[in-house]
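Only one structure is covered here, and it is reproduced in the block below.
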Number of protein chains: 2
Amino acid sequence: MSRPNPVIKDTLLDAAETIAARDGVARLTFDAVAAEAGVSKGGVLHYFTTKDQLIEGMVKRTATRWRDYFKAAYDNEPEGPGRMTRGLLKSCFTDAQTWTEALRRAFGSVFAALAHNPALIEPMREAYTEFYHYVEQDGLPPGVAESVTTAMDGLWFYWVLRLRPVNQGDLDRMRGALELTLDDALKSVAQAAA
Amino acid sequence: MSRPNPVIKDTLLDAAETIAARDGVARLTFDAVAAEAGVSKGGVLHYFTTKDQLIEGMVKRTATRWRDYFKAAYDNEPEGPGRMTRGLLKSCFTDAQTWTEALRRAFGSVFAALAHNPALIEPMREAYTEFYHYVEQDGLPPGVAESVTTAMDGLWFYWVLRLRPVNQGDLDRMRGALELTLDDALKSVAQAAA
DNA sequence: ATGCGTAAACCGTCCAGACGGTCTGGATCA
DNA sequence: TGATCCAGACCGTCTGGACGGTTTACGCAT
């Protein structure tokens, strides 16, 4: 094998995420990552020669996962107006069990980036730019897709930042209201087309 | 004066926010705060004896401001269903110029807390708990007040985290859609009362 | 008014430890 | 034998915090 083992890289990124989430980003050090992953510091530095690289790795992986996630939500949804909005509402706003600790941990990489070097969130920003592209062109009246998806993401941020607990009831109530908004918008689109 | 000068404390907190926002939370050190505020390190330590205290001070101040903000938005709004929702929509979703760098900086304190010691965001969580109390009891159909306010806060998070630029057009479009949702909800409340 | 005592405000230095990163050495493969 | 992988000792720097010293502000007796 001539290139660094990607499996080990993932293990190291997992360890980094765990530390950032559990102990705070300030304690995200090479030593800590090594200990958490069960390797030596030299081992970590072999794959990520600087801390910027480590954090960039975390952010890139999370950004890729987020991109894959919303694209899958889009692809699995039937065509027509509100496809992105419908897809997201269905895939992440039905079951609170999908809001796992792993997901929360993953988003910690953004905070790590913000703390260490704000420029490193760029990959995440790009993923969001792409996401917003879908949202803008979702074929709903102005602002509707933005509002519904941003409400979902807002709740997600509350949860990730631990500013609010999120339970199944919260999800159900908000989904009910958002689906109503969405249905009204879809009707008005259909009406305008007629 | 027998108690520490609160004006100087505010100056130090301002300096801390500036550093956190400009250089990243990792560079938020006593030395840096001292230099930014134009005092000595000893001077900073006189007012905040540990870093936890410094960050707690930042979070508490921001939490208090947020609390004052949404309470003012509530108080300035005529009574009736959706008072909190209407107030917030009016006060922070009409003019993009109210989304100042100072506000963004202030929220950096939450990231500082999350990075250094996650437990320190508690004052902010309490402010949000209180906010959510208003939202829950806003007298709108289930989930509507939550959805509208969370959409607003979601955009706010995008902006603070620099995941998306936010301009006047974004604000206007979303406000249009959210006001429509709100009006429909108000109508249905009025209808149910009749 | 003046001098004095005391306490708070603030400064600047010091240190132990932790940090990011370098480097050397050994193991394990091809 | 050479290249890759990884271990871990090591180094210079920076950090949080302690600490002792100095200045300022103020109450109070004279």
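From a predicted model like this one, the values you see are computed outputs, not experimental measurements. Numbers restart at 1 for each chain; the letters A, B, ... are given by sequence-line order, proteins then strands.
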- request: Could you tell me the separation between the NE2 atom of B:H133 and the CG atom of B:D138, rounded to the nearest 0.5 Å?
  value: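 So the gap between those two atoms works out to 11.5 Å.
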query: If you pin B:H116 and A:S40 to their nearest nucleotides in DNA chain D, which one's is more 5'?
result: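 Looking at the nearest nucleotide for each, A:S40 comes out on the 5' side.
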Value in whole Å for how far the [atom2] atom of [N] lies from [atom1] of [X]:
X: A:L12; N: D:dC5; atom1: CG; atom2: C1'; value: 13 Å
X: B:L45; N: C:dA8; atom1: CG; atom2: P; value: 18 Å
X: B:I19; N: D:dC14; atom1: CD1; atom2: P; value: 16 Å
X: A:Q53; N: C:dG20; atom1: CD; atom2: P; value: 14 Å
X: B:H46; N: D:dT23; atom1: NE2; atom2: P; value: 17 Å

message: From the set D:dT15, C:dC11, C:dC19, return the single nucleotide nearest to any side-chain atom of A:T29.
response: C:dC19
- prompt: Between D:dA7, D:dG16, D:dA18, which nucleotide has the shortest distance from any of its atoms to the side chain of B:F30?
  reply: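 For B:F30, the side-chain atoms sit closest to D:dG16.
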Contact nearer the 5' end of DNA chain C, comparing A:G42 with A:D31: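 Closer to the 5' end of DNA chain C: A:D31.
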message: Exactly one of B:K71, B:R86, B:R83 should register a salt bridge (charged side-chain N to carboxylate O under 4.0 Å, His left out) with B:E77. Which one does?
response: B:R86
message: Please determine whether a side-chain nitrogen or oxygen atom of A:K51 lies at a distance below 4.0 Å from atom OP1 or OP2 of C:dG20.
response: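 Yes, such a contact exists.
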query: How are the rings of B:W159 and B:W99 set to each other: parallel, tilted or perpendicular (split at 30° and 60°)?
result: perpendicular
- prompt: So what does B:L28 hit on the nucleic acid, given a heavy-atom distance under 4.0 Å: a base, only sugar-phosphate, or nothing?
  reply: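 The answer is sugar-phosphate, as B:L28 gets under 4.0 Å only of primed atoms, P, OP1 or OP2.
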field: Under-3.5 Å donor-acceptor pair between B:K41 side chain and D:dG16 base
entry: yes
message: Please determine whether a side-chain nitrogen of the Lys or Arg among A:R22 and A:E36 lies less than 4.0 Å from a carboxylate oxygen of the Asp or Glu.
response: yes
